Asker: 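Take this structure, written in C-alpha cells, and hold onto it; I'll ask about it next.
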Amino acid sequence: MADKYTPQTIETKWQRRWDDDKLYRSTVDWNKPKHYALTMLPYPSGDLHIGHWFAMTPSDARARYMRMKGYNVMFPMGFDAFGLPAENAAVQRNIHPKTWTYANMERMRKQLRSMGAMFDWEREAVSCDPSYYKWTEWFFKIFYDNDLAYRGEALVNWSPTLQTVLANEQVIDGKDERTGQPVVQKLMTQWFFRYRRYADELLDFSKMDWPEPVKIMQENWIGRSEGARIIFKTEAGDPIEVFTTRPDTVWGATFMVLAPEHPLVAKITTNAQRKDINAYVERVARETELERTAEDREKTGIFTGGYAINPVNQARIPIWIADYVLISYGTGAIMAVPSGDQRDFEFARKFGLEIVPVVQPDDQPALDGETMEAAWDGAGVMINSGPLNGIRANGEKGRKNPSIAAAIDHLEALSAGKEAVNYRLRDWLISRQRYWGSPIPIIHCADGTLEAVPDSQLPVVLPDDVEFMPTGRSPLTYYEPFLNTVDSEGRPAKRETDTMDTFMCSSWYHLRYLSPKYDRAPFDPEEAAYWLPVDTYTGGAEHATMHLLYTRWFNKAIRDLEVFDNAREIAAGHGRAVDGLFDEPMLQMRNQGQILGEERDGDVVVASGRVDGNKLFADYVEVIERDQAETIRGQKPDAVVGQIKKRTENLLQIDDGGDNLRTVEVVAGATVVIPSIPGENNVNQLRQHLDVQRMSKSKGNVVNPDELVAQYGADTVRAYLMFGFDWSKGGPWNSQQISGVVRWINDIWEICTAEPPQGAGDPDTERMIERRMHQTIAKVGEGLESFSFNTTIAALMAFRNDLKAAIRDDKLSEAAWRDALKQMLLLMAPIAPHITEELWEHLGFPYSIHQQSWPVYDAEKAKSETTTLVIMKNGKPVGHIEVPVDIEAEAAQQAALASDAAKRFLNGGKAKKVVFVPGRNGMEPKVNIVV
RNA sequence: GCCGGAGUGGCGAAAUGGCAGACGCGAUUGACUCAAAAUCAAUUGUCCGCAAGGGCGUGUGGGUUCGACUCCCACCUCCGGCACCA
C-alpha cells in the first residue's frame, strides 16, 4: 500500500515546483492561438472568502482546460485597491488606508496562492499603486483633452452635521449611519465623462457572447427613447425645454411639472407660493431617487403660481413642481398630459387640474376629461389637437407612428420643437470627495481657469502623511502641501481635490495586466496585439449595468482616441484580422452566482457609555443571553440593549425594540465582554445579524477557505465548489455535503496508488470502460466549456464508480487499467491540479500533467451496440425493450406495438397515433402510442 | 416601484420539448468490528398494494403540444441591480 493522501504536503510541494518552473508564465507566442481568460479582480478587504474561491477556481479550471486544448492561456490576477472601506478603517481605527490596503493584499496574495490557480503573478496589477494610477490619470487627461470629460452639477448625499459627502451605503433611512443625523441632497460641481455620447454604440451587442439578461439590463439601463424636444415659454418668456416620447399629445398638455431642483423654479414662483415651494424643495432634498420615482406612491407636488404658454395652442397652463420629476433625467421638466400618461393623470385628479383627451381609442364612447378613469396611451385617433385631428395614433414609437410624425413636422415648422432621442443613461459622474482614489490631474488656477497637469508630472501622487478627521472629510481638501501648487506660468494655484470613482480603475485593469511594469504607455502594444481582446470574462451578475457598461464605454472611448492604434498595426503585421478587433473589451462573458451562508442572529448586547444626540459612545459592551434582554432593558434604562443588526468596524446598529435602529460607536479602548469567547475580547468579535447571509467584503464572513484548505486540501475545496452548486446560481454554503467530494478524491488516490491488477482482463468489461471513458471525455469537455462544472464532476464520479467496480471484480488487464487512469487524471487535471500532478508522477508519466494535451474524444468508441427503446402511452413511459442503437422508425414502432406493455393497455384495440422519437445525443429512442 | 433572475425529493442538484430526480449529501438495512469511526453491499420522490401493478408529483392557476421542469398568459415568494459598496 502506498502513502496516505496528504494534500497539505502535496499541494505546497507542487505549488513551489510550478512557481520555480514558471509553469504558468504566459508570454506572447504568435505560433499558438491565444486565450485571455479573465475573472473579476478582488477588492482587498482583508481576507479571501469562499465567494472568491467560488468565482475564481472554476474559472481557473476552465482556463487550464483551454490550455490543455492547445491554447496559449493568460489568466492574470490583481487588486481593485482603491475604495471606501480603506477610509473607514482610517477614520474608525486610525490606520492609514495605504497601510491597511497593502497589508490586506499581502495576506490575500498568500491565500490566493493556496488555490493552486494558474495565475501569472508577474502580471499582477494593483490599482492603488502609483505606477498604475499614473495611467488612470493619463486616461482622464486624454478624455479631458478630447471633450469627453467636463464639469457639471450633480446631487450628492450631504451631511450638514459632518460637512461631508457620504456614500449611498453610508446613508440609512435618510440618515447618516455614523451620527444618525439627517442627510440632504445637495447640488455640487463635479467631473463627468460623456457616457451618453456612446449610448447608441453601447446598444450594439452583435460582437459579444454575453448572457442575455445582462444585455437586456444594459439595454434598459441605457433606455433609448425616440420623441421630440419641445420648448414651452413662461409668461415672462423664459424657455422651458421638455422631452417627450409623445409629441403628438402636446395639445393635451394642461400643465407642466418641473423637478424641484430645476433652475427656473425660484424665478417662476410667485410670492404667495414661495413659502410652500421652499418647504417642498427642502422636503424633497431628503428623499432618495428610488423613493421619488416609486410608482405606487401617492403623488405630491406644489403649484409655483407661475404659468407657461403651450406653443401649439397658446393655452395658459400652470407650472407645478413634483418629486417624481428628476433633474437628472431628460431636461428636468415635463409637459404633463393627464389624458395620456397615468402618472400625470393621477397628479391631475389629485390636484383638480384640467384633463383634455387627445387620443380617442377605437370602439369606445367619446372620452370626456371630466369622467375618464385612467389615462389612455394606446392606439386611436387624434382629437382636440388642431391640425392633427383625425390622424391615426397607431401605438408605435417615434416616426413610425403617423400622429407623432405629424406632430414633429408641425413643431419643427413652428420652431417650437425638434425631433430628438433621449436616453435614461446619465453621463458618468466620476468625482468622489474622498482621499483613497486616483487623483484627478487638474489644477485650478487663480483666475478660475483649469489646467491639466502636464504628462511629465504624472502621476499626481496621493500624499502619505495626512491625518484623517473623524468626520470622514477627505484630507486632500485641507492638506496644504497637496492642495497648493503652481500653474504652468508658475503662479499659485490649487489642486483638484476630488478623486476618481473606482469604476474608473476597474474599467481598464485587463489592459494593465498585459504589461504591469510598462512605463511608456498604459500597456505594451506588443502584448496587446497578441492577447486582446479578453476571450472569456467571468464575474458576478451584480455588475451587469455598472462595471460591465463602464468598461465597455471606456474601451470604445480610448479606441477612438487611438490608444489601440499601435497594437492594431502590430496585430495586422502578424496577420490577425484587425477590423473591429478592439470594439469590445470582452468577447465572452459568463456570470457566477453567490455563495451564501445560513441565516444567523447577531449577538444581543448591553452597551453603555455617553449619549450624544441619538448616538451612544460605548465604553462597555457585553454580550448577553437573548432572553435576558427585556430584564436588563428595565434595569438599565440608559444603556442600549438589543441585537446587533449591522456592524461596520466599531460602529454598531442595534435593534433595541424601538422603531429605529440605535447607533452605537464602540470607543477605542472600550471593554468588550463576550462570555463564549475566552480571553480578552474586542469589537471585531461581535457578530452582526446576517439574513440568508450574502458574503461580501462589507460583512463578516463565517466560511473561511483557509480552514477548509487546511482540513481537506485545495483540490477538494475546488472540486466541491464546482460540484455542489449550479455555478451560475450559487447558494448557501453547506459544510456537510463536501464529504462526497472528499470520498471521490480519496478514491482516486487509492485507485491510482494501488498495485496494478495482475489478471488478464475481461474484454466485455474493458470495452465497457473504454466506452464510458469516451462518454466521460465528451461530458467533461462540454461541461467545462459551458461552465456546467457540477455535471463535469458528476461525470467523473460516475466513471470512478464504473472503474471501481471493474477493479473490484478484477476485470481489467494492467494495460487497460493504466490507460483508464491516465485519461481520467488528464480529465481531472484542470479541476484538481495538485493531486493529479502527484498521481501522474506516481504512475510514471512525464512532468507536467498540466502541459499535456486534452484526451481526444472518439465517437465510435463511445457508441454502444444496443439501446433501450422507451414505450410510452400518451407521453408517459410504460415499458422498455432492448433494440439496436440505429433502429429505424418503422421497426421501432412495430417492436413497440408488439411489446407486452403496449398489448396490456391496447387490449387488442387500435392506437390513434404512433410517434417515433429517434435517439439523439445519447438519449434513448422512444415510441409514443396515443390512445 | 422599475429592470433582471430563480423556485424540482429530507438537502445540494441534473434534465438541446422526449423515461423527472443523473451525480452527491443525509437516512435506513446488512457486512466487517468487543464497540465506534472509516470502508464495503443494498434500499431511498410520494401514496395505494403482500405482490404484479397502479395513482400523484418540478411555486400556484390556466393554455399550446402526441408529449411540458422546459414554450405562452396571469399570479405568489425569494434573490441581484437601481448610478458614491465594489
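Below, chain A is the first sequence line, B the second, and so on; all start at residue 1. Every heavy atom of this structure was used, including side-chain atoms; hydrogens, water molecules and symmetry mates were not. Model, not experiment: these values are computed from the prediction.
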Asker: What nucleotide among B/rG81, B/rC19, B/rC23 has an atom nearest to a side-chain atom of A/K926?
Answerer: B/rC19
Asker: Base of B/rC25, side chain of A/Q736 - is there a donor-acceptor contact under 3.5 Å?
Answerer: no
Asker: Kindly assign one of parallel, tilted or perpendicular to the pair A/Y195 and A/W428, based on the angle between their ring planes and the thresholds 30° and 60°.
Answerer: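 Judged by the thresholds at 30° and 60°, the geometry between A/Y195 and A/W428 is tilted.
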Asker: Sort out the partner of B/rG45 for me: Watson-Crick or G-U wobble, both distances under 3.5 Å, none otherwise.
Answerer: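 The answer is B/rC56, by the H-bond criterion.
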Asker: Can you measure A/F723 atom CZ to B/rA22 atom P for me and round it to whole angstrom units?
Answerer: 11 Å
Asker: Check the distance between B/rC2's C1' and A/R292's CZ and give it to me in whole angstrom.
Answerer: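 Atom-to-atom, A/R292 to B/rC2, this comes out as 16 Å.
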Asker: If we ignore angles and hydrogens, is there a donor and acceptor under 3.5 Å between the side chains of A/T538 and A/T39?
Answerer: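 The criterion, which ignores hydrogens and geometry beyond distance, is satisfied for A/T39 and A/T538.
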Asker: When rounded to the nearest Å, what value does the distance between C1' atoms of B/rG26 and B/rG18 take?
Answerer: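 Comparing C1' positions in B/rG26 and B/rG18 gives a spacing of 32 Å.
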Asker: Reckon A/R743 has a side-chain N or O less than 4.0 Å from the OP1 or OP2 of B/rG26?
Answerer: yes
Asker: Is any side-chain N or O of A/N220 under 3.5 Å from a base N or O of B/rC3, one able to act as donor and the other as acceptor?
Answerer: no
Asker: Do A/D427 and A/Y150 pair up side chain to side chain, a donor and an acceptor below 3.5 Å, judged on atom types alone?
Answerer: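 Side-chain D/A pair, A/D427 to A/Y150: present.
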Asker: Between B/rC85, B/rG4, B/rC19, which nucleotide has the shortest distance from any of its atoms to the side chain of A/L84?
Answerer: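 Looking only at heavy atoms from C-beta outward on A/L84, the closest nucleotide is B/rC85.
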Asker: B/rA6, B/rA83, B/rC19: which one has an atom nearest the side-chain heavy atoms of A/E289?
Answerer: B/rA83
Asker: Measuring to OP1 and OP2 of B/rA22, would you say a side-chain N or O of A/T791 lies under 4.0 angstrom away?
Answerer: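 Checking A/T791 against B/rA22: no side-chain N or O falls below 4.0 Å of OP1 or OP2.
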Asker: Could you pick out which residue, A/I216 or A/S431, lies toward the 5' side of RNA chain B when each is mapped onto its nearest nucleotide?
Answerer: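 Checking each residue's closest nucleotide, the 5'-ward one belongs to A/I216.
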Asker: Can you tell which of B/rG18, B/rC85, B/rC82 lies closest to the side chain of A/W221?
Answerer: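 It is B/rC82.
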Asker: Do the rings of A/W191 and A/F140 sit parallel, tilted or perpendicular, given the 30° and 60° boundaries?
Answerer: perpendicular
Asker: With both distances under 3.5 angstrom, what nucleotide forms a Watson-Crick or G-U wobble pair with B/rG17?
Answerer: none
Asker: Roughly how many Å is it from CD in A/Q737 to P in B/rA27, rounded to a whole number?
Answerer: 12 Å
Asker: Counting only side-chain heavy atoms from C-beta out, which of B/rG24, B/rA14, B/rG5 sits nearest to A/N801?
Answerer: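 In terms of side-chain proximity for A/N801, the closest of B/rG24, B/rA14, B/rG5 is B/rG24.
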Asker: Who does B/rG1 pair with, Watson-Crick or G-U, both distances under 3.5 Å?
Answerer: B/rC82
Asker: Only pairs with both distances under 3.5 Å count, Watson-Crick or wobble alike; so what is the partner of B/rC34 in this structure?
Answerer: none
Asker: Starting the side chain at C-beta, find the nucleotide from B/rA86, B/rC23, B/rC40 nearest to A/M546.
Answerer: B/rA86
Asker: Does any donor atom in the side chain of A/R426 or A/S328 lie under 3.5 Å from an acceptor atom in the other side chain?
Answerer: yes
Asker: Of all the nucleotides listed (B/rA86, B/rC82, B/rG5), which has the minimum atom distance to the side chain of A/T502?
Answerer: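 Out of B/rA86, B/rC82, B/rG5, the nucleotide with an atom closest to A/T502's side chain is B/rA86.
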Asker: Under 3.5 Å for both donor-acceptor distances, Watson-Crick or wobble: does B/rC69 have a partner, and if so which one?
Answerer: none
Asker: What is the pairing partner of B/rG7, taking Watson-Crick or G-U wobble pairs with both distances under 3.5 Å in any strand?
Answerer: B/rC76
